[in-house]
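My questions all concern the structure below.
Just the heavy atoms: all of them, side chains too, but no hydrogens, waters or symmetry mates, feed the values below.
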Amino acid sequence: MIRSVIWTVIFCIAAAILQSTVLYNIAIFNVVPDLALCVLVFSAYVNGTMTGQVSGFFSGLFYDFLSVAPLGMNCLIRTITGALAGIFKGQFFLDFFFMPVILCTLATILKILITFILYLIVGTSIPNPFANFTTFLIEMGLNALSAPVLFLLLKNFKPILIGRG
């Protein structure tokens with residue numbers, strides 16, 4: 001498990017750096033796909049809840065330092081997302097198109113809902129995620145479009161991303 005967590009966090013960090021540098025130059029209305037979230041969903045789906053939530057916590061901690069979000073916000077979002085994606089381990093056949101699209105779309109919706117709940121609790125220190133609903137829809141669509149390609153790419157790294165048991 002430790003090896004898969006370490007490699008998942010490394011892949012999430014690489015995806016976060018890629019999406020904040022390279023993909024930002026080709027953004028649609030300043031929105032890029034959340035590749036790190038999709039990497040986390042893949043790893044949690046193939047490894048289970050424990051790997052998903054531990055990987056989500058550490059990748060979220062890095063993402064908190066990379067973004068301007070309040071410290072701990074991305075940790076919470078990605079820990080919950082990793083845990084919930086890990087619940088589906090072994091429940092469905094992971095095909096090359098439909099399951100990645102469904103899983104990443106649901107993860108994006110969950111991310112927005114958790115952000116909205118935090119907005120209701122904390123207030124103005126977190127921006128309202130539904131203030132610009134178009135941005136949410138674009139991010140959800142980009143995540144859904146990039147998910148099959150990303151999952152196919154990540155399947156090539158199964159020996160290091162999948163833990164024993």
I26 and L150: same hydrophobic cluster, using ILVMFWY side-chain contacts below 4.5 Å?
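Yes, because I26 and L150 connect within a single hydrophobic cluster, where side-chain heavy atoms sit under 4.5 Å apart.
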Show every salt bridge (charged side-chain N to carboxylate O under 4.0 Å, His left out) that has at least one partner inside residues 122-133, sequence neighbours left out.
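Counting only pairs at least two positions apart or across chains, no salt bridge (charged side-chain N to carboxylate O under 4.0 Å, His left out) contact touches residues 122-133.
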Quick one: closest heavy-atom pair of S55 and V5, and the distance?
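Looking at all heavy atoms of both residues, the closest pair is OG-CA, 3.6 Å.
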Restricting to non-hydrogen atoms, name the atom on A16 and the atom on A36 that form the minimum distance, rounded to 0.1 Å.
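Heavy atoms of A16 and A36 come nearest at N-CB, 4.2 Å.
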Should I126 and T115 be marked as a side chain to side chain contact (heavy atoms under 4.5 Å, CB included) after you check the CA-CA gap, both sets of side-chain angles, and the distance that decides it?
CA-CA 8 Å; I126 297 174; T115 305; 4.0 Å; yes
Rounded distance [0.5 Å steps], CD1 in I80 versus CD1 in I114
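Output value for this atom pair is 4.0 Å.
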Count the heavy atoms belonging to other residues, nucleotides or ligands that lie under 6.0 Å from CD1 of I2, then report whether that count exceeds 12.
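Counting other residues, nucleotides and ligands, CD1 of I2 stays at 12 neighbours or fewer.
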Per the ring-ring contact (aromatic ring centres under 6.0 Å, His included) rule, what does the pair list look like for residues 99-124, sequence neighbours excluded?
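Listed once each, the pairs are F116-F130.
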Hydrophobic cluster membership, with links at side-chain heavy-atom distances under 4.5 Å among I/L/V/M/F/W/Y: are L153 and V46 in one?
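Yes, because L153 and V46 connect within a single hydrophobic cluster, where side-chain heavy atoms sit under 4.5 Å apart.
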Which residue pairs pass the ring-ring contact (aromatic ring centres under 6.0 Å, His included) test with at least one member in residues 25-73, sequence neighbours excluded?
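Sorted result for residues 25-73: F42-F151.
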I28, CD1 atom: more than 12 neighbouring heavy atoms under 6.0 Å:
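Not more than 12 within 6.0 Å, no.
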Examine distances only and state if a side-chain atom of Q19 and a backbone atom of V32 form a donor-acceptor pair shorter than 3.5 Å.
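Not at all, since once roles are kept as given, no pair shorter than 3.5 Å links the two residues.
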Between CG of L35 and CG of L40, what distance do you get to the nearest 0.5 Å?
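So the CG of L35 and the CG of L40 are separated by 12.5 Å.
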Contacts of type side-chain contact (heavy atoms from CB on, under 4.5 Å), residue N132, not counting sequence neighbours:
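T134, T135.
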Backbone N or O of I17 within a donor-acceptor pair of the S20 side chain at under 3.5 Å?
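Yes, the answer is positive, given that a donor and an acceptor are paired below the 3.5 Å cut-off.
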Using side chain to side chain contact (heavy atoms under 4.5 Å, CB included), reason through K89 and N47 one step at a time and then give a plain yes or no.
CA-CA 7 Å; K89 176 186 178 186; N47 288 307; 5.8 Å; no
Partner set under side-chain contact (heavy atoms from CB on, under 4.5 Å) for I160, not counting sequence neighbours
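So I160 forms a side-chain contact (heavy atoms from CB on, under 4.5 Å) with W7, F11, F157.
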In chain order, what residues pass the side-chain contact (heavy atoms from CB on, under 4.5 Å) check against S59, with sequence neighbours excluded?
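For S59 the side-chain contact (heavy atoms from CB on, under 4.5 Å) partners, ignoring immediate neighbours, are C12, R78.
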How close do A69 and N74 get, heavy atom to heavy atom, and via which atoms?
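Shortest heavy-atom separation between A69 and N74 comes out as CB-ND2, 3.8 Å.
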If you round to the nearest 0.5 Å, how far is CG of L106 from CG of N143?
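If I round to the nearest 0.5 Å, the distance is 11.5 Å.
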Under the salt bridge (charged side-chain N to carboxylate O under 4.0 Å, His left out) definition, can you give me all pairs with a residue in residues 99-128, not counting sequence neighbours?
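Salt bridge (charged side-chain N to carboxylate O under 4.0 Å, His left out) check on residues 99-128 returns D34-K111, K111-E139.
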Would you say the side chain of S4 lies within less than 4.5 Å of the side chain of L161, judging by non-hydrogen atoms?
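Sidechains of S4 and L161: no contact.
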Taking only residues two or more places apart in sequence, or in another chain, which ones meet V149 in a side-chain contact (heavy atoms from CB on, under 4.5 Å)?
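Residues passing side-chain contact (heavy atoms from CB on, under 4.5 Å) with V149: none at all.
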Show your working on side chain to side chain contact (heavy atoms under 4.5 Å, CB included) between L154 and V39 and close with a plain yes or no.
CA-CA 8 Å; L154 291 172; V39 169; 4.0 Å; yes
Determine whether I109 and T105 make a side-chain contact, defined as any pair of heavy atoms from C-beta on separated by less than 4.5 Å.
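They are in side-chain contact.
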Over all heavy atoms of both residues, which pair between V31 and L142 is shortest? Give the atoms and the distance, please.
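V31 and L142 have their closest heavy atoms at O-CD1, 3.5 Å.
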Under the criterion side chain to side chain contact (heavy atoms under 4.5 Å, CB included), I'd like the reasoning laid out for D64 against C75: C-alpha separation, chi angles, the key distance, then a yes or no.
CA-CA 7 Å; D64 278 333; C75 282; 3.5 Å; yes
Pairs of donor and acceptor atoms involving the side chains of residues 93-103, under 3.5 Å and at least two apart or interchain, shall be tabulated with distances.
unit_1, atom_1, unit_2, atom_2, d
D95, OD1, F98, N, 3.3
D95, OD1, M99, N, 2.8
D95, OD2, F98, N, 3.3

Non-neighbouring partners of F133 that pass ring-ring contact (aromatic ring centres under 6.0 Å, His included), sequence neighbours left out
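Per chain and number, F133 pairs via ring-ring contact (aromatic ring centres under 6.0 Å, His included) with F136.
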Test your reading of the model: is there a side-chain donor-acceptor pair from T51 to the backbone of G48, 3.5 Å cut-off?
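The answer is no, because no donor-acceptor pair under 3.5 Å joins these two groups.
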If you measure from CG on L37 to CG on L110, what distance do you get to the nearest 0.5 Å?
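Answer for the CG-CG pair, L37 versus L110, is 8.5 Å.
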Same cluster for V41 and I10 if Ile/Leu/Val/Met/Phe/Trp/Tyr side chains link at under 4.5 Å?
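Linked, V41 and I10 end up in one cluster.
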Supply the members, apart from V68, of the Ile/Leu/Val/Met/Phe/Trp/Tyr cluster built from side-chain contacts under 4.5 Å; use none for a lone residue.
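So far as hydrophobic clustering goes, V68 is joined with none.
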With rounding to the nearest 0.5 angstrom, report the CD1 to CD1 distance, I117 to I112.
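One gets 12.0 Å once the value is rounded to the nearest 0.5 Å.
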As an exercise, state the distance from CE of M73 to OG of S67, rounded to the nearest 0.5 Å.
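With rounding to 0.5 Å, CE (M73) is 7.0 Å from OG (S67).
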Do L76 and V122 sit in one hydrophobic cluster, given that two such residues count as connected whenever their side-chain heavy atoms are within less than 4.5 Å of each other, even indirectly?
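Looking at the clustering, V122 is in the same group as L76.
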Sequence neighbours excluded, every pair satisfying salt bridge (charged side-chain N to carboxylate O under 4.0 Å, His left out) that has a member inside residues 149-162:
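Every candidate salt bridge (charged side-chain N to carboxylate O under 4.0 Å, His left out) pair involving residues 149-162 fails, so no pair, neighbours aside, qualifies.
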Could you check whether any side-chain heavy atom of L23 comes within less than 4.5 Å of a side-chain heavy atom of P33, counting everything from C-beta outward?
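Yes, their side chains come closer than 4.5 Å.
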